[in-house]
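These notes are about the structure you will find just below.
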Amino acid sequence: MEKLKKSFFLFSYFFKKFIFFVKFMFWPKRDRQFQSIEHHQNACHEFISSIQSFNGILFVFYFVIFSLFFFIFQIQNQSSSLLITCAIGLLSLVLIRLHFQVIQESVTLMTNVGIEYRRRSALGTEQSLFVPVKDLEDVLIVESVSTFQVTSYLAIRQKSKADLVPVFTFTWPALDHLVTVYRASRLLLETAER
């Protein structure tokens with residue numbers, strides 16, 4: 001049992017190092033798309049930011065890693081119930097990941113009505129937030145600084161709440177796209193103040 005624990009610890013240690021190396025050296029960048037759609041002659045403007053939902057290289061990579069794991073520990077020879085349990089566990093992990101992986105975010109600006117923010121996961125579930133014009137205080141471009149990276153995102157400030165509502169924090173569109181959304185939302189606020 002002690003030998004199994006030690007070999008599992010060594011496997012997990014080298015697995016983490018290998019994933020770190022592959023992710024930052026060879027991993028392909030996700031395709032990002034940004035669309036601007038105008039509805040009803042300047043009455044409604046929609047901005048959609050999306051990323052690639054399925055990465056085939058990632059799937060093959062995980063398949064090879066788990067196959068090596070099964071082969072090294074000879075799980076297929078242990079018992080069929082253990083193999084079935086592992087397969088169900090892996091399938092549920094994939095479904096959970098797809099449920100929480102956001103592939104599309106959109107902001108819809110409606111003149112004299114408000115702003116709607118929606119995000120959609122890879123499985124198709126959607127979450128939305130609507131902020132009416134009377135509750136809309138400001139729209140900001142916020143910069144967050146981490147150890148090696150400065151990222152910009154859009155945020156909505158409401159009159160009724162003290163917290164900012166971050167927008168486009170899963171698809172991370174480029175700064176020039178955020179500026180486009182910011183300018184359109186400023187026009188919405190100026191028309192609402194008149």
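All values derive from a computational prediction rather than experimental measurement.
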task = Could you grab the distance from atom CD of Gln127 to atom CZ of Arg120, nearest 0.5 Å is fine?
result = 13.0 Å
message = Looking at every non-hydrogen atom in both residues, tell me the closest pair between Leu188 and Asn112 and how far apart they are.
response = CD1-N, 4.0 Å
message = I want to check something: taking the side chain as every heavy atom from C-beta on, are Arg183 and Val179 in contact at a cut-off of under 4.5 Å?
response = yes
ask   = How long is the span from the NZ atom in Lys159 to the CG atom in Asp135, to the nearest 0.5 Å?
value = 7.5 Å
request  = Find out whether Phe130 and Met110 are in side-chain contact, i.e. whether some heavy atom of one side chain is under 4.5 Å from a heavy atom of the other.
outcome  = yes
Over all atoms of both residues, closest heavy-atom pair of Leu109 and Ser185 = CD1-N, 3.6 Å
remark   = To the nearest 0.5 Å, atom CG of Leu129 lies from atom CD1 of Ile156 at 6.5 Å
request  = Taking the side chain as every heavy atom from C-beta outward, state whether Pro173 and Leu178 have any pair of such atoms under 4.5 Å apart.
outcome  = yes
inquiry  = Has Gln33 got a side-chain atom pairing as donor or acceptor with Ile51's backbone, closer than 3.5 angstrom?
reply    = no
query = What about Tyr182 and Phe34, same hydrophobic cluster or not, with Ile/Leu/Val/Met/Phe/Trp/Tyr joined at side-chain heavy-atom distances under 4.5 Å?
reply = yes
query = So do Leu154 and Pro166 actually touch side chain to side chain, heavy atoms under 4.5 Å?
reply = no
query = Can you list every pair that meets salt bridge (charged side-chain N to carboxylate O under 4.0 Å, His left out) and has a residue in residues 39-50, with sequence neighbours left out?
reply = Glu46-Arg118
task = Would you check if Ile115 and Val107 make a side-chain contact, meaning some heavy-atom pair closer than 4.5 Å?
result = yes
key: Over all atoms of both residues, closest heavy-atom pair of Phe47 and Val181   = CG-CG2, 3.5 Å
note = The reported gap from OH in Tyr153 to CG in Leu175 (rounded to nearest 0.5 angstrom) is 13.5 Å
Under 3.5 Å: donor-acceptor pair, side chain of Arg32, backbone of Ser50 = no
inquiry  = Run Ser49 and Glu105 through side-chain hydrogen bond (donor to acceptor under 3.5 Å, both in side chains) and show every step you take.
reply    = CA-CA 5 Å; Ser49 177; Glu105 292 179 291; 5.4 Å; no
task = Apply side-chain contact (heavy atoms from CB on, under 4.5 Å) to the pair Val131 and Val165, showing each step before the final yes or no.
result = CA-CA 10 Å; Val131 180; Val165 177; 5.6 Å; no
note = Distance col, row Gln101:CD vs Phe170:CZ, nearest 0.5 angstrom, shows 11.0 Å
request  = Under the side chain to side chain contact (heavy atoms under 4.5 Å, CB included) rule, collect the residues that match up with Phe100, sequence neighbours excluded.
outcome  = Ile96
query = Parallel under 30°, tilted from 30 to 60°, perpendicular over 60°: which one fits the rings of Tyr117 and Phe168?
reply = perpendicular
Only distances under 3.5 Å count here; give the side-chain donor-acceptor pairs of residues 136-147 to other protein atoms, sequence neighbours excluded, each with its distance to 0.1 Å.
residue, atom, partner, partner atom, Å
Asp138, OD1, Arg186, NH1, 2.5
Ser144, OG, Thr151, OG1, 2.6
Ser146, OG, Gln149, O, 3.2

ask   = So His45 and Ser36, side-chain hydrogen bond (donor to acceptor under 3.5 Å, both in side chains) or not? Walk me through it.
value = CA-CA 7 Å; His45 209 114; Ser36 174; 2.8 Å; yes
